[in-house]
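The figures that follow rest on heavy atoms only: side chains count, while hydrogens, waters and symmetry mates do not. In each ligand, atom 1 is the first atom listed, and ligand 1 is the first ligand listed.
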Amino acid sequence: MMDLLDGIPHTPGTHEPLGTGAVLLRGFALPFEPRLLAALQAIVAEAPFRHMVTPSGHAMSVAMTNCGAAGWVTDRTGYRYDTRDPLSGRTWPALPEAFLALARAAAAEAGYEDFTPDACLINRYEPGARLSLHQDRDERNLAHPIVSVSLGLPATFQFGGLKRADPVRRHALRHGDVAVWGGPSRLCFHGVPSLKDGTHESLGRMRINLTFRGAL
Ligand code: SIN
Ligand code: FE2
């Protein structure tokens, strides 16, 4: 199976290197899609998407929620992992079996055996939403890789180096793609520029990203 979007071939099953210890697994999440979407609905019913505020007071354009033992949150006091959803005061919904199975399988496919995430940040991008270049560095144990699953509308993934000023390469991210980065790439800068408008056949006018971490 191969489709062409923006003139770039998209071949599920291929591995595309992002850097040392970092790889893009094309279409790896596709077999999990029905279970992921059903589980996502249940999570969002308990812990809805919200636009969190950064320490500088700006509401993020990406709406977020979490599942797992800990969830990534930001507010005026800073970034942190919290075992409770600040909106409800309750613990976050548990990591669904399908999320765990996909995260573990993708990590193993990328060479990271025995990854058991305890946190999953769920990002919702609507057209125009973006995530500026950043490092994932709030996790306690950086020995775990990051496993990042793309669903819905296509996006561009900027993947750079360990310094903010390092050159950044751009990769297309499409429905079902999974990026894994760890080891020497674990702290690489990455970001997603403004999402283009469109309609996806199963998710509509949005992109969902699941980011699995070992946070605690
Ligand atoms: C993130 O860095 O948390 C999200 C990356 C993405 O949306 O692909
Ligand atoms: Fe990130």
Electrostatic pair Arg140-Asp118, nearest N-O below 4.0 angstrom |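 Salt bridge absent between Arg140 and Asp118.
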Are Arg205 and Glu126 ion-paired here, with the side-chain N under 4.0 Å from a carboxylate O?
->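 No salt bridge links Arg205 with Glu126.
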Shortest non-hydrogen contact between Thr65 and Trp92, atoms and distance | OG1-CZ3, 3.8 Å
Which protein N, O or S atoms does the Fe ion (ligand 2) have within a distance shorter than 2.8 Å?
-> His134 NE2, Asp136 OD1, His190 NE2
Distances only, to 0.1 Å: what are the N or O pairs between ligand 1 and the protein that fall under 3.5 Å?
| residue | atom | partner | partner atom | Å |
| --- | --- | --- | --- | --- |
| ligand 1 | 2 (O) | His134 | NE2 | 3.1 |
| ligand 1 | 2 (O) | His190 | NE2 | 3.0 |
| ligand 1 | 3 (O) | Asn123 | ND2 | 3.4 |
| ligand 1 | 7 (O) | Tyr125 | OH | 2.6 |
| ligand 1 | 7 (O) | Arg207 | NH1 | 2.9 |
| ligand 1 | 7 (O) | Asn209 | OD1 | 3.4 |
| ligand 1 | 8 (O) | Arg207 | NH2 | 2.9 |
| ligand 1 | 8 (O) | Asn209 | ND2 | 3.3 |

Run the side-chain donor-acceptor check on residues 33-43: report pairs under 3.5 Å with partners two or more places apart or on a different chain.
| residue | atom | partner | partner atom | Å |
| --- | --- | --- | --- | --- |
| Glu33 | OE1 | His175 | NE2 | 2.8 |
| Glu33 | OE2 | Ser202 | OG | 3.1 |

Looking only at atom types and distance, does a side-chain atom of Asp177 sit under 3.5 Å from a main-chain N or O of Gly27, one as donor and one as acceptor?
->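 It does hold such a pair.
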Does Phe159 have Arg169 sitting over its ring (NZ/CZ under 6.0 Å from centre, angle to axis within 45°)?
-> no
Check the pair Phe157, Trp181 against ring pair (Phe, Tyr, Trp, His ring centres under 6.0 Å), reporting the backbone distance first and the verdict last.
-> CA-CA 13 Å; Phe157 191 43; Trp181 62 97; 5.6 Å; yes
Does any pair with a residue in residues 115-140 pass ring pair (Phe, Tyr, Trp, His ring centres under 6.0 Å), and if so which ones, sequence neighbours excluded?
->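 As it turns out, the ring pair (Phe, Tyr, Trp, His ring centres under 6.0 Å) pairs with a partner in residues 115-140, which skip direct neighbours, are Phe115-His144, His134-His190.
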Does any donor atom in the side chain of Arg174 or Ser150 lie under 3.5 Å from an acceptor atom in the other side chain?
->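 The criterion, which ignores hydrogens and geometry beyond distance, is not satisfied for Ser150 and Arg174.
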